[in-house]
Each structure stands twice: as structure tokens, then as C-alpha cells.
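Side chains are part of it too, since the values below use all heavy atoms of this structure and drop only hydrogens, waters and symmetry mates.
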Amino acid sequence: MSADARTPGPTTDQNPDTAATARAEQIVASWMSGQRWYAAKGLDPALRVIDAVEETIQDDDADVRVLTWLVIDDAPAVPVLYQVPFTIRTAPVDALAHALIATDDDRWLYDGPHDPAYARWLLGTIADARSLDGTAVAGTPMHVDGQAFIEPGAVRTAKVLRGEQSNTSIICEVDGPAVPRVIVKVFRVLHHGENPDVTTQAALSAGGSLRVPKSVGALAGSWSDVGRSEGTAHGHLAFAQEFLPGLDDAWRVALAAATDGVEFTDQARALGAAVAEVHATLATALPTVEAGPDEVGSMLGSMRQRLDTAATEVPAIAEHADAVRALYAMTEELDWPRLQRIHGDLHLGQALLSPERGWILLDFEGEPLRPMPERSRPDVPLRDVAGMLRSFDYVAGALAHADEPVDSGSWAHDARQAFLDGYVAASGEDLRAARALLDAFEVDKAVYEAVYEARNRPDWVGIPVAAVGRLVDRSAPAA
């Protein structure tokens, strides 16, 4: 290849192809630095291949080598582990020209998810629940297990979903009996621990919920991890589920309604009921725990830590810091609901409106900055409610920021109240009786938003800051 991009086995002193592998790593590093999912933008990747799994398959009468590298990038202060799938073909494919990484006289190296042969291999491994062993530089070799929930059928067409930042998703038309289209999310950055996007949605699907796309299956794996006492890590590599094309997400629907001055209360009420239904199914399908002093203390400790960070970075938040701390302290005396699995990062962009099924929730991975094991811990359902309330507030903020001539504040107030009405009616839980606790979670979300806006969109920081001020004023004791 244009610099030998051969991808042989592990890089060891006993391997005669060590130099070729090193050259391949350099080529892949140069290519990775320009990918949307590469996290250390602006840095030169410093890659180490630690594990690999490969298989040669027949695809349209051609031999295709499907190869997945697990690659550690030492460039950032905290090393990042990536999953990097390739296909290697012995003849060029015109339709894959955009995904070509390197070539030589008789081999063409492609970005795997863009090659339909990789999609067929991946979904086939999931559907057949196959197990594969790979190779490792040191320690335990990589092991991969397909996990099938329903029969997806064979892949007829496959294309990559555009615009994603951190993962790569492949849209597949299939000929299976359960669903006509499948979306397979390939997790690019890997973490130890089960991915709640897989386990939470699988539990909802198994519980018969129509509020999430049907779960098709997953690819799980184990790999060497010298930083762990047992020497290995375990996690999910990919997740396949029903694909629902042509549906608008709640953010677009709500923003359009607010822009046109159209009431959104019916949709918001139905969305509140859908979220309550999801919470009820999860409380039945997965374990719940009592919110004891240790659990409450841990949550409030995290909230106070986020507040300290925000007060340092955002002066306007510092002005409210004492009032926020007083609100958090007050919640220690309240009765907290049982903790359970929740969405964890719920907002209007995570819901789709289906004419047949109503609101459908997506992307149960939780907050991206939290460690993977923490994202699966039982949490307070009010966190999801607070996240959606903040999202309605952002619709109003976005319109105000764009100088739209509508009463967006009144629109957001009505939508928020309707959402709460729908949740209360469906759950039987009187959220307004727990208003101080709900306010505390909404403040916590707004504090998080203030830091994000200060770092990324300073002109928008007034939206979460105003919310913090409004909420702490409401919770302050009467004079």
C-alpha cells in the first residue's frame, strides 16, 4: 500500500511483520486524526494496537478480510481506547472510494463500517450469536460474542448514518421477519462495563415496551487491560436495533410549534406520559434500591462538585452558589424515591414522534462524561423529568436568542406544566409534592449547562443562568 498498510498479527519482537504493522499504525493514525469520532482533536495520535480480531468472509463472490483493531491512543493526558474496524479487499470498489484509507498493488484498506461486507459480518455475528477469539500484544486475547434478541435477517443494503460525532451507525435494510430496517451502532470509544444503551433498551424491549425501538442484538467483547487487577476489561462493541426513518424528534417539533406560536400542550402531556411509562417498565424489569443516606450523600456530593466547578468558571453562577447550596441541603431532609435505571440524559432531542406509536425514546447511554459503570447505577427518575423540563426552557431560550417575535416564555411554561401533568397522570406520582427535590435536579442540570455554554457558546450562557436564579428564588424561604 502507499506505505505498506498490511495489518498482520500483534506487534511483538517475534513477529517478522513488526515493521509492516508499525507502518500500518502510522497510516491509521494519520487517517484517525481527521475522523469526527476522534476525541483528541488538534493532537497527533500516538497509537498502540493492543488487540485484534479478524475473519475472512465471502461477499459477492469476493474474499473480504474483516479486521477489527482495538487501539489505545496515548496522545491525550488520559489515554483513550478505540475500536477501529477495517475491511481489506484484493480489488478496488468504486462505491467505497470515499472510505479508502490506503492501497498498494493488490490490497485496498477501507473504513469498515462503510463497507456492506462489514455490516453483513457484524449483523451476522450478532444474529448467529457467534464467538470469536482474536490476538493480543500482551495478556489475554480479545474475545467477541454475538448476542441475539430477535432474528434480524440477512442484510440487503447498508449505508453509514451521516453526522454522528462519537459513534458510527450503519443503516441496514434486512429481509428478516421482525423489522424491515436495522441500525447498528458501532461504539468507537470503548469503556469497561456494560453499555446502558444496550442493557436498558433490551430490558424495555423484553418488557414489551413500544416506547423504544425494538432491540435486535449486540456485540460484546473482552480485551486486555493491564490497568485492571484481573487484567481484562469487558464491554459492548456494537448494538443493533430497529431503525425508524422519517420521524421528527421532539426538539424540531417543539421548536417549530413555538416559532409559529402553536400550543404544544397535548404533545407535551403525551411525552410526559411516555416517560412515566418507560420509568414504570424499567422499575419492573431491572433492580431498584432504597435511597439511603449513602446513596443520597453520594448524589449530593456530585451535585456540589459540579456547582463548585461552575462557580469557578461562570461568575453569574457564583452569585447564586450559596442559594443553590441551601437548596441542596434542604433536600437532605426530604423523602427520596427508590432509585432505579433511568434514561440518564433525557431531552427533547432524544424522543421521536411516531404516528402509530406516539413518542419513542432513544439513546440510553447516559451522560457521556460519566464513567460507564456509573451510567448503569440506579438513579432518581426525577433526573429525567428535570432534563426534559430544561429542554423546554431551551426552546424558549433559542427563540429569544434568535429574536423571534413570539411569547416563548409563556409557551415554555405551558409546555412544562403539560409535561408534568402527563407524567403525574401516568405514574400516579405527585411530582409537585416533591417540588423541592425536582427543583434541585433541575438546578443541577442548569449548572451543568452553564459550564457547557461558557466553554462552547458564551452567548447562550444566560439561558441556564436565568433558570438557576428562577429556581433558587422559588425555593428560598419566605421572609
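Using cut-offs of 30° and 60° for the angle between ring planes, the W31 and F86 rings count as tilted. A parallel orientation is assigned to the rings of Y394 and W460, their planes being inclined by less than 30° (bins at 30° and 60°). Ring pair W336/F441 is perpendicular by interplanar angle, where above 60° counts as perpendicular and below 30° as parallel.
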Audit row: D115, R89, salt bridge (Lys or Arg N to Asp or Glu O under 4.0 Å) steps and yes/no: CA-CA 10 Å; D115 190 335; R89 290 177 173 267; 2.9 Å; yes

Chi angles and distances behind the salt bridge (Lys or Arg N to Asp or Glu O under 4.0 Å) call for K41, D73: CA-CA 12 Å; K41 298 292 192 298; D73 181 22; over 6 Å; no

From CA spacing to verdict: salt bridge (Lys or Arg N to Asp or Glu O under 4.0 Å), K445, D345: CA-CA 10 Å; K445 187 68 173 180; D345 189 27; 3.4 Å; yes

Candidate pair V174 and R181, rule side chain to side chain contact (heavy atoms under 4.5 Å, CB included), full reasoning: CA-CA 6 Å; V174 298; R181 298 176 186 85; over 6 Å; no

Audit row: T232, E230, side-chain hydrogen bond (donor to acceptor under 3.5 Å, both in side chains) steps and yes/no: CA-CA 6 Å; T232 59; E230 59 270 39; 5.4 Å; no

Full working for side chain to side chain contact (heavy atoms under 4.5 Å, CB included) between M32 and R188: CA-CA 11 Å; M32 277 181 59; R188 290 291 192 169; over 6 Å; no

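Listed for the R269 side chain is no donor-acceptor partner under 3.5 Å among the backbone atoms of Y423. Remark: the backbone N or O of H143 is not paired with any side-chain donor or acceptor of D133 at under 3.5 angstrom. A donor-acceptor pair under 3.5 Å is absent between the side-chain atoms of W108 and the main chain of L100, judged by distance alone. Using modelled atom types, no side-chain atom of S30 and backbone atom of Q26 make a donor-acceptor pair closer than 3.5 Å. For the pair S215 (side chain) and G217 (backbone), a donor-acceptor distance under 3.5 Å is absent. With hydrogens and angles ignored, the 3.5 Å screen pairs a side-chain donor or acceptor of D175 with a backbone N or O of A154. The closest donor-acceptor contact from the side chain of Y82 to the backbone of A39 lies under 3.5 Å.
Rounding to the nearest 0.5 Å places CD1 of I72 at 5.5 Å from CG of L81. Rounding to the nearest 0.5 Å gives a distance of 11.5 Å between OG of S166 and CH2 of W37. For the atom pair OG1 (T87) and CG (D111), the distance works out to 8.0 Å, reported to the nearest 0.5 Å.
Residue E194 qualifies as open at atom CD: its count of foreign heavy atoms under 6.0 Å is 12 or below. For CG of N456, the number of neighbouring non-hydrogen atoms (other residues, nucleotides, ligands) closer than 6.0 Å is greater than 12.
Every residue two or more places apart in sequence or in another chain that forms a salt bridge (Lys or Arg N to Asp or Glu O under 4.0 Å) with D249 is listed here: R252.
Side-chain contact between L382 and L437: present, with at least one pair of heavy atoms (C-beta onward) separated by less than 4.5 Å. Annotation: side chain of V66 is in contact with side chain of I57 (closest heavy-atom distance under 4.5 Å).
The closest side-chain donor-acceptor pair between H192 and D225, if any, does not fall under 3.5 angstrom. A donor-acceptor contact under 3.5 angstrom links the side chains of H114 and H98, judged on distance only.
Under the side-chain hydrogen bond (donor to acceptor under 3.5 Å, both in side chains) test applied with K185, the options N167, N195, D197, T168 reduce to a single match, D197.
For the pair E173 and R120, the salt-bridge criterion is not met [side-chain N within less than 4.0 Å of a carboxylate O]. In this structure, E442 pairs ionically with R416, as a charged nitrogen and a carboxylate oxygen lie closer than 4.0 Å. Comment: R65 engages E54 in a salt bridge, judged by a side-chain N to carboxylate O separation of less than 4.0 angstrom. Salt-bridge annotation for R383 and E367: absent, with no side-chain N of the basic residue lying under 4.0 Å from a carboxylate O of the acidic one. Using a 4.0 Å cut-off between charged side-chain N and carboxylate O, D379 and R341 make no salt bridge.
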